[in-house]
Every structure is written in C-alpha cells, then in structure tokens.
Amino acid sequence: PKQREAPQGYNYVGDTLAPIPGGPADNTSPQGLATGEQGLRKEVANILKQDQSILSMYRNVQATARNPSAAGDLSMIFAFMKMLDPGSVVREQEFANAQNAAGVPDRVRNAYNRLIDGERLNPSQRADFLGQARQLASEAESRITAATRQYQGIARQYGYDPVRGTG
C-alpha cells in the first residue's frame, strides 16, 4: 500500500499524525507552547468580544435597577441599548424609543414622574428592561460557554493547556 503523505511539518507515526521534532509544528518547547496558546487566546477573545460586552452592560443594567433615579434611568436605558448592539453608538432617537416603550398610562405616569423627581422610567418599565437584559445576558453566556468549550477542545488537540489557550 502507498504511504500517506503527511502535511508539512508532520510525520505519521503509525496511524497518528505527529509534528517533526524541532519543526515548525512542534509545540513542545515552552516558546512554541506560549506562542500557540497566545494565538488561540487572541482568536477566542476576538470571537467573544461582543458577548463579553453584553455581559458588561448587563452588570450596568443590574446596578442601576437597584437605585431608581434620573441618572440611573439614563444609565439603564443607555446600557440596555448597548446590549442590543454593543458595537454601535446609542442615538437620541433610539434612546427615546426605549424610554417610550410603554403603554399610554405608563407614559402619562412617566411624564408626571419626570416633572416631580426627574426619573424617566416607572417601576414596571425598569423591571421589564431588567428582565429583557437578563435574557440577552443569558444568551451571551451560552454562546461564550459553547465557544470556550469548542476552543478548549482545539487547545487539547494541539497539546496546549485548555485554560491558558482560551483565557
């Protein structure tokens, strides 16, 4: 039978593909391991950047929900809108749409509250924003977990430490 050709930098040892010692694919040296793990970490960080931003904004939503105030309402609306699209800038119209996401009685109550104490959201709106933010954060966590597990498997295949390889 014809011997299989191994990819560049590798040899077959029986049925197993192994890097040529000292070759470009040999990651057994400390420097080779560090370089490989660093490259994998950068790739993982790039993939998870948006979902990590969503979790960061969720923590802001949680913090502002605990202490209702005019400034807290502004912060909550801004953080929630950033959760919807982490890479964008929250425009004035988008902010107004989020603030006005209520029925007519809530809008009347909000107008009254703005006159009295400067708050922009009523308690039911704050609870709704917090609940929606929780769902977005949960989905982001699921994506982070799935990607991390996938890349930890890849790290093991390359002989890297899975935790150092994925951060």
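Numbers here simply count residues along the sequence, with the first being 1.
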Beyond-backbone contact of Leu33 with Asp161, side-chain heavy atoms, under 4.5 angstrom:
no
Nearest heavy atoms of Met76 and Phe129, plus distance in Å
SD-CB, 3.9 Å
Report the distance from atom CD of Gln125 to atom CD1 of Ile77, rounding to the nearest 0.5 Å.
7.5 Å
Strictly distance-based, threshold 3.5 Å: is any side-chain N or O of Ser56 a donor or acceptor partner for the main-chain N or O of Gln52?
no
Take Arg126 and Leu130 through the test side chain to side chain contact (heavy atoms under 4.5 Å, CB included) and record every step on the way to the result.
CA-CA 6 Å; Arg126 281 189 202 95; Leu130 186 58; over 6 Å; no
Any idea which heavy atoms bring Met57 and Ala79 closest together, and the distance?
CB-O, 3.6 Å
If you take all heavy atoms of Ser124 and Asn122, which pair is closest and at what distance?
OG-OD1, 2.7 Å
Looking only at non-hydrogen atoms, find the nearest pair between Tyr160 and Glu37 and report the distance.
CB-CG, 3.6 Å
Are Lys42 and Asn46 packed together at the side-chain level, in the sense that at least one heavy-atom pair is separated by less than 4.5 angstrom?
no
Would you say that Tyr151 contacts Ile47 through its side chain, given a criterion of any heavy-atom pair below 4.5 Å between the two side chains?
yes
Expected output: side-chain Arg41 to main-chain Arg164 donor-acceptor under 3.5 Å:
yes
Rounded to the nearest 0.5 Å, how far does CZ of Arg149 lie from CD1 of Ile154?
14.5 Å
So, Thr64 side chain and Asn60 main chain: donor-acceptor pair closer than 3.5 Å or not?
yes
Across all chains, not counting sequence neighbours, the side-chain contact (heavy atoms from CB on, under 4.5 Å) partners of Gln132 are Phe80, Asp128, Gln135
Taken to the nearest 0.5 Å, the spacing of Leu48 CG from Ser53 OG works out to 12.0 Å
If I compare all heavy atoms of Met83 with all of Leu136, which pair ends up nearest, and what's the gap?
CE-CB, 3.6 Å
Taking side chain to side chain contact (heavy atoms under 4.5 Å, CB included) as the criterion, tell me which of Val44, Ile54, Asp51 meets it with Ile144.
Asp51
Does a side-chain heavy-atom distance below 4.5 Å link Asp85 with Met81?
no
Minimum heavy-atom distance between Leu40 and Ala155, given as atom pair plus value:
CD2-CB, 3.5 Å
Criterion side chain to side chain contact (heavy atoms under 4.5 Å, CB included) on Val61 and Arg134, from CA distance to verdict
CA-CA 9 Å; Val61 169; Arg134 187 177 300 117; over 6 Å; no
